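A short worksheet on the structure shown next.
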Amino acid sequence: MSSKKVIIIGAGLAGLSAGCYSRMNGYATRIYEHHSKPGGVAACWRRGEYLIDGGIHFMMGSQNGTDLYNIYRQLGVADPANFIPMKSYGSFIDIEGSRQLDIPLNISELALDLKMLSPADAPLIDDLATAVTAFSGKDLATYGQMNPPELTSGLDKLTDMWKMRKLFKYMSGKYAKSMQDYTAGMQNRWLAECLNNLFTPQCPVWFVIMLLAIAADGQMSYLAKGCKDFVRQIEKRYKDLNGEVTYSSTVEKILVRDDCAFGVKLADGTEDYADYVISAGDIHNTVFHLLDGKYIGKKLQNKFDTCELSRPYFVASFGVKRTFENESVFNTLILKQPLQVGNREIRQIFVRIFNYSNHFAPKDKSVIQAEFETEWEYWDNLRQKDPNKYAAEKERLVSEILVNLEILYPGISPLVEIADVATPCTLNRYTLNHQGAPEGWGLTSQNFKEETRRSLEGLSNLYLAGHWVSGGVPGVILSGRQAIQLVCAKEKKPFFTRTT
């Protein structure tokens, strides 16, 4: 066994993954976590008898036979009881227009429904369905992510491209454009709006195609007990491998000597030393605070200067004395009366109903959650300059959201037992995410093209992991694995995985 040590900053999915693979490869390992519990963005919390899940919406690769399922097995979370298969991609509901569009998992059924709704848009609908069919049956969730960019040669890239050669045309040209550009010429604007929000309007078309294909293949699931239980299982795997973790410990500085990271200094002044440091937290905090901006490099600086961040969310969760057995889990609700938040009108909210498991609420009760994209500056200014107005604004929006939910579910308001609110400031406080950005970089066509490397220019023995280097649950988990691959490569030793 190696006598060398790895310090990991952050006990989110990336940090716990890095910790597990670090121990699998024989390194002494300690994780320092700012919060009092693991998970990072993948967070759950109790409000009375209700479990509020503010993290993972769905999981990919939840069935045996995929590379990602093998990763879950290595991290101790491949138990089928963790996953409840998705039955529907979701629904779009226009309150004022009294119309609803359900998105089935079967792509042929979906295409038929869409063409009945808008015969004039049949060419684009058929084009989208053909692309999804081409992607179906492929192991896509980990494509291009099994190795970090630093260890991916030109030949490796050509090999990957050859394996995906039949899909290459669907990942370039018009399919590399944003969904809102792809649907710009559609006759039915309601349908275009629905397609734009299958994920986000800014994300590339090929990404939405991939999601629809993964869902159609039965490789998309809900977490039966929420992300808290999922995270705790990975934490248990890490501890079973004799990994060490310290909570409520904020890293204040990464220690550097001769352009080589050799440890960390905590907020209480404690110093800990290691051969390698992995920052699995916020990259902005890492570069500009923990390292005083000394190793950002031109490429990463340009990315901060030119690339969009993912927009933060306002999330209101309600514990209610009723059930929603026949409702879709995911619903995009077009509001009759838009919400006014700062200078921005919110015309739609995403409504998530936790009706697929009995772990979120007692019998005959439910959790229903509404969220929408918002602006960091608005909430940050309110919180800092006028805490009373900050609290009042949260209460106002909870009331207005309930007014809209009341139209859809008459009589729901008096059945609400608890209301919980998380703003972008909440996420920033618990995870230190820069400007409350839950995904780091926004999932835009530009950002998909801009590769983020796992190391910083001019600094050795420090590697990056987390949603800033690779988005989505699969990418985040794999980024922790990749960080240890880089450590092993630096040590000129083979990289090992094991399931026991």
Side-chain angles (χ1 to χ4, degrees), residues 1 6 8 11-27 29 31 38-40 42 44 55-86 137-148 151 160 163 210 213-215 217-243 245 278 280 357 359 465-467 470-488 493-500:
M1 297 288 283
V6 176
I8 299 167
L13 290 176
L16 290 172
S17 172
C20 288
Y21 285 108
S22 180
R23 291 299 304 136
M24 290 179 208
N25 285 275
Y27 296 103
T29 308
I31 299 174
C44 282
I56 301 168
H57 290 74
F58 58 83
M59 296 293 296
M60 291 187 276
S62 52
Q63 301 295 321
N64 200 354
T66 65
D67 286 340
L68 189 54
Y69 194 81
N70 288 335
I71 299 294
Y72 295 155
R73 184 179 290 113
Q74 293 159 15
L75 295 177
V77 289
D79 185 351
N82 282 337
F83 308 107
I84 296 176
M86 185 181 286
K138 309 294 191 301
D139 191 359
L140 300 170
T142 59
Y143 174 71
Q145 300 183 85
M146 293 301 287
N147 297 304
L151 300 180
D160 284 342
K163 290 178 181 177
M210 182 187 73
I214 291 172
D217 287 342
Q219 288 287 352
M220 199 171 280
S221 301
Y222 314 116
L223 284 175
K225 299 179 183 179
C227 62
K228 178 180 179 180
D229 191 72
F230 185 79
V231 167
R232 286 294 187 184
Q233 289 180 44
I234 303 178
E235 180 198 41
K236 181 180 183 302
R237 169 67 168 152
Y238 172 63
K239 289 183 175 179
D240 287 347
L241 290 166
N242 296 317
V245 57
I278 295 171
S357 167
H359 288 278
H467 56 266
S470 188
V473 174
V476 166
I477 288 175
L478 286 166
S479 73
R481 182 180 188 271
Q482 291 170 356
I484 303 305
Q485 286 177 286
L486 289 166
V487 170
C488 289
K493 58 177 282 186
F495 172 75
F496 292 108
T497 65
R498 57 176 179 158
T499 57
T500 59

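In this text the structure is predicted, and so the values were computed from the model without any measurement.
- Looking at Arg481 and Thr497, their side chains come closer than 4.5 Å, going by heavy atoms from C-beta outward.
- Note: Cys227 SG to Ile234 CD1 = 10.5 Å, rounded to the nearest 0.5 Å.
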Take Ser470 and Leu478 through the test side chain to side chain contact (heavy atoms under 4.5 Å, CB included) and record every step on the way to the result.
-> CA-CA 8 Å; Ser470 188; Leu478 286 166; 5.9 Å; no
Which is it for His359 and Lys228 under the side chain to side chain contact (heavy atoms under 4.5 Å, CB included) test, yes or no, and what are the steps along the way?
-> CA-CA 11 Å; His359 288 278; Lys228 178 180 179 180; over 6 Å; no
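- Side-chain contact check for Ser22 versus Val487: every heavy-atom pair is 4.5 Å or farther apart.
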In a table with atom names and distances, give each donor-acceptor pair under 3.5 Å that connects a side chain of residues 219-226 to protein atoms at least two apart or in another chain.
residue	atom	partner	partner atom	Å
Gln219	OE1	Ser62	N	3.2
Gln219	OE1	Gln63	N	3.0
Ser221	OG	Ser62	OG	2.5

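- For the atom pair Thr499 OG1 and Leu75 CG, the distance stands at 11.0 Å (nearest 0.5 Å).
- For the residue pair Ala280 and Ile8, the shortest heavy atom distance occurs at CB-CG2, 4.3 Å.
- Side-chain contact of Gln485 with Tyr21: a donor-acceptor pair under 3.5 Å is absent, judged by distance alone.
- With Arg23 contributing its side chain and Tyr238 its backbone, the two residues share no donor-acceptor pair below 3.5 Å.
- Note on ring orientation: taking the six-membered ring where Trp is involved, the planes of Tyr72 and Phe230 are perpendicular (angle over 60°, cut-offs 30° and 60°).
- We find the CG-CG distance between Leu68 and Asp139 to be 8.0 Å, quoted to the nearest 0.5 Å.
- To the nearest 0.5 Å, the span separating OG1 on Thr66 from CD1 on Ile214 amounts to 9.5 Å.
- Taking the side chain as every heavy atom from C-beta outward, Gln482 and Leu151 never approach each other to under 4.5 Å.
- Taking the side chain as every heavy atom from C-beta outward, Pro38 and Val245 never approach each other to under 4.5 Å.
- Contact detail for Asp217 and Gly137: the closest heavy-atom pair is OD2-N, 2.7 Å.
- Once rounded to the nearest 0.5 Å, the distance linking CZ of Arg498 with CG of Asn25 reads 9.5 Å.
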Hey, mind stepping through Met60 and Val473 against side chain to side chain contact (heavy atoms under 4.5 Å, CB included) and telling me if it holds?
-> CA-CA 8 Å; Met60 291 187 276; Val473 174; over 6 Å; no
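- Legend: residues meeting side chain to side chain contact (heavy atoms under 4.5 Å, CB included) with Asn82, ordered by chain and number and at least two apart, are Val77, Asp79, Asp229, Gln233.
- Partners of Val476 under the side chain to side chain contact (heavy atoms under 4.5 Å, CB included) rule, at least two apart in sequence or in another chain, are Leu13, Ala14, His467.
- The two residues Ala465 and Ile278 make their nearest non-hydrogen contact at CB-CG2, 4.3 Å.
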